[in-house]
Amino acid sequence: MSAMGTRVTTTTQSKLMPFLIDTFLNSNVFATRQIGAAKRWSGERMKFPIKWKGNITGTSFAGYDTFSTAATDNRVNMEFVPKFFQITVTVPLDEVWVNNTDEKVMDLIGVEVVGSAQDMADNIGTLFYGDGTGNGSKDFLGLGAIVDDGGAVATYGTLARSTYTTIQATDTSSGGTLTLAKMDTLYNAATSGSQHPTCGFTTEAVFSLYGQLLQPQERIAKDVSMIKQMGNYGKAGTGFTSGTGFTGLFFKGFPILADEKCTSGELYMIDEKYVDFYALDPAKASKAGLAEAIPYKSVDIQGNDYSDMPGLGFCWSGWVKPTNSASIVGHVYLGGELIGTNPKRTAVLDSITSV
């Protein structure tokens, strides 16, 4: 950029635009859809009863045949405890004082808090593809745990997958190549009648490979809602409509979405009815005086997937003033867990490198 001469710089003010362009954060598709449609967490732990085997006392009979009176014990609980994540926000007071002058165009503190919350959501997007064992198993569970057949994650929801085989997902190696036949097989493994995958998630590279498999007349990209099914905390009517979200290529009537957070070489097929993020309600913490809910939407930050999203249930600790420095420190919190209540209806094709 060429410098202006002093005739200009001494007679003309600079203009600082009243918004921040985010050039760092990338796509975070799966986490955006999950956290944006979070359901409320309740209790010390959440239990989901599952039926894992059938009643075997059924039989044909004639005349005075006797029937079995044995009880059938075919249900068990999957159990989950909440996990927690935080990010630190700190601002030196001298910068706050300078910001609060007549020339302020953006609120420094507000931008720092919201920007850090967005960075935090980006961090969580990475965890949502993991298996939950990171940082001493303090990480949120991710698709690496939900969509597994027991080979990598032997226990899920406190249940051993070798015993409770119906909570095994389909985990198949592609052998390196992606084909429509392999996608058909993966889809069929997660499908029973009307129960079938509703959304697919993969890397940008695999998304492009899938596009190469389609005939030109089939390669139709459509907008897919940023928020899945329901809106914030499961309330109907608060989700975004078509045209405000991501671009997907469709397979058997459901979208395949590219997510830069997805594990390399993997293609997930998920019935999103059975995968939800359960979040501790920030309003409860606020009422108890422990933390306050913070708005996620910000007109000051543009250029990422978080700028137009509604509040995501994040909590703010409030500012703390250290005794030995002129600064303020606070923390953004999120508590809950990503839970797949029916892993059987999920599948993953991995090790994809080509077509």
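For the numbers below, each heavy atom of this structure counts, side chains included, while hydrogens, waters and symmetry mates do not. Residues take their numbers from the sequence shown, with the count starting at 1.
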Exercise: identify the closest heavy-atom pair between [X] and [Y]:
| X | Y | answer |
| --- | --- | --- |
| Pro255 | Thr198 | CD-O, 3.5 Å |
| Asn28 | Asp122 | ND2-CA, 3.5 Å |
| Gln34 | Leu338 | OE1-CD1, 3.8 Å |
| Ala38 | Ala279 | CB-CB, 4.1 Å |
| Ile167 | Pro343 | O-CB, 3.3 Å |
| Thr72 | Gly54 | CG2-O, 3.9 Å |

Checklist entry - Would you say the ring centroid of Phe30 lies under 6.0 angstrom from that of Phe246? => result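 Judged by ring-centre distance (under 6.0 Å), Phe30 and Phe246 do not meet the cut-off.
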Is there a side-chain contact between [X] and [Y] (heavy atoms, below 4.5 Å)?
| X | Y | value |
| --- | --- | --- |
| Thr203 | Glu260 | no |
| Asn99 | Asp107 | yes |
| Asp271 | Thr346 | no |
| Phe254 | Met269 | yes |
| Gln118 | Met120 | no |
| Glu272 | Cys199 | yes |
| Val348 | Thr172 | no |
| Thr170 | Asp149 | no |

Whether [X] side chain and [Y] backbone form a donor-acceptor pair below 3.5 Å:
| X | Y | answer |
| --- | --- | --- |
| Asn135 | Asp139 | no |
| Asp65 | Ala62 | yes |
| Ser174 | Ser351 | yes |
| Ser354 | Leu178 | no |
| Thr101 | Trp97 | no |
| Asp131 | Thr133 | yes |

Quick check on the hydrophobic clustering: are [X] and [Y] connected, directly or via other members, by side-chain heavy-atom contacts under 4.5 Å?
| X | Y | answer |
| --- | --- | --- |
| Val89 | Leu334 | yes |
| Phe250 | Met183 | no |
| Ile124 | Val332 | yes |
| Ile339 | Ile35 | yes |
| Leu141 | Ile50 | yes |

Item to check | side chain to side chain contact (heavy atoms under 4.5 Å, CB included) between Arg161 and Thr155, intermediate numbers included | outcome: CA-CA 6 Å; Arg161 280 177 155 137; Thr155 300; over 6 Å; no
To the nearest 0.5 angstrom, please state how far the [atom1] atom of [X] sits from the [atom2] atom of [Y].
| X | Y | atom1 | atom2 | value |
| --- | --- | --- | --- | --- |
| Trp52 | Arg75 | CH2 | CZ | 12.5 Å |
| Leu159 | Met78 | CG | CE | 7.0 Å |
| Asn74 | Thr166 | CG | OG1 | 10.5 Å |
| Leu180 | Leu214 | CG | CG | 6.5 Å |
| Leu257 | Arg33 | CG | CZ | 6.0 Å |
| Tyr156 | Ile146 | OH | CD1 | 4.0 Å |

Checklist entry - Phe80 and Thr158: side chain to side chain contact (heavy atoms under 4.5 Å, CB included), yes or no, with the steps? => result CA-CA 8 Å; Phe80 301 89; Thr158 71; over 6 Å; no
Going by atom types alone, do [X] and [Y] pair a side-chain donor with an acceptor below 3.5 Å?
| X | Y | answer |
| --- | --- | --- |
| Thr177 | Lys182 | yes |
| Thr191 | Arg345 | no |
| Glu266 | Tyr129 | no |
| Tyr210 | Gln212 | no |

Next on the checklist: Run the side chain to side chain contact (heavy atoms under 4.5 Å, CB included) test on Leu267 and Ile352 for me, step by step, so that the C-alpha distance in whole Å, both residues' side-chain angles and the decisive distance to 0.1 Å come before the verdict.
Outcome noted: CA-CA 8 Å; Leu267 168 62; Ile352 302 169; 3.9 Å; yes
Checklist entry - According to the interplanar angle, ranging from 0 to 90°, do the rings of Trp316 and Trp319 count as parallel (below 30°), tilted (30 to 60°) or perpendicular (above 60°)? => result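 Ring orientation, 0 to 90° scale: perpendicular.
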Checklist entry - Using the ring of each side chain (for Trp, its six-membered ring), is Trp41 parallel, tilted or perpendicular to Tyr278, with breaks at 30° and 60°? => result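 Taking Tyr278 first and then Trp41, their aromatic rings stand perpendicular (interplane angle over 60°).
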Checklist entry - Given the rule in the side chain to side chain contact (heavy atoms under 4.5 Å, CB included) test, do Val329 and Thr88 qualify, once you have shown the distances and angles that lead to the verdict? => result CA-CA 7 Å; Val329 179; Thr88 301; 4.0 Å; yes
Item to check | Salt-bridge present (Asp259, Lys261; N to O < 4.0 Å) | outcome: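 No.
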Checklist entry - Is it the case that Lys83 places NZ or CZ above or below the six-membered ring of Phe140, under 6.0 angstrom from the centre and within 45 degrees of the axis? => result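 Output no; distance or angle outside limits.
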Next on the checklist: I'd like to know whether CZ of Phe61 has more than 12 heavy-atom contacts from other residues, nucleotides or ligands below 6.0 angstrom.
Outcome noted: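 Open: at most 12 neighbouring heavy atoms sit under 6.0 Å from CZ of Phe61.
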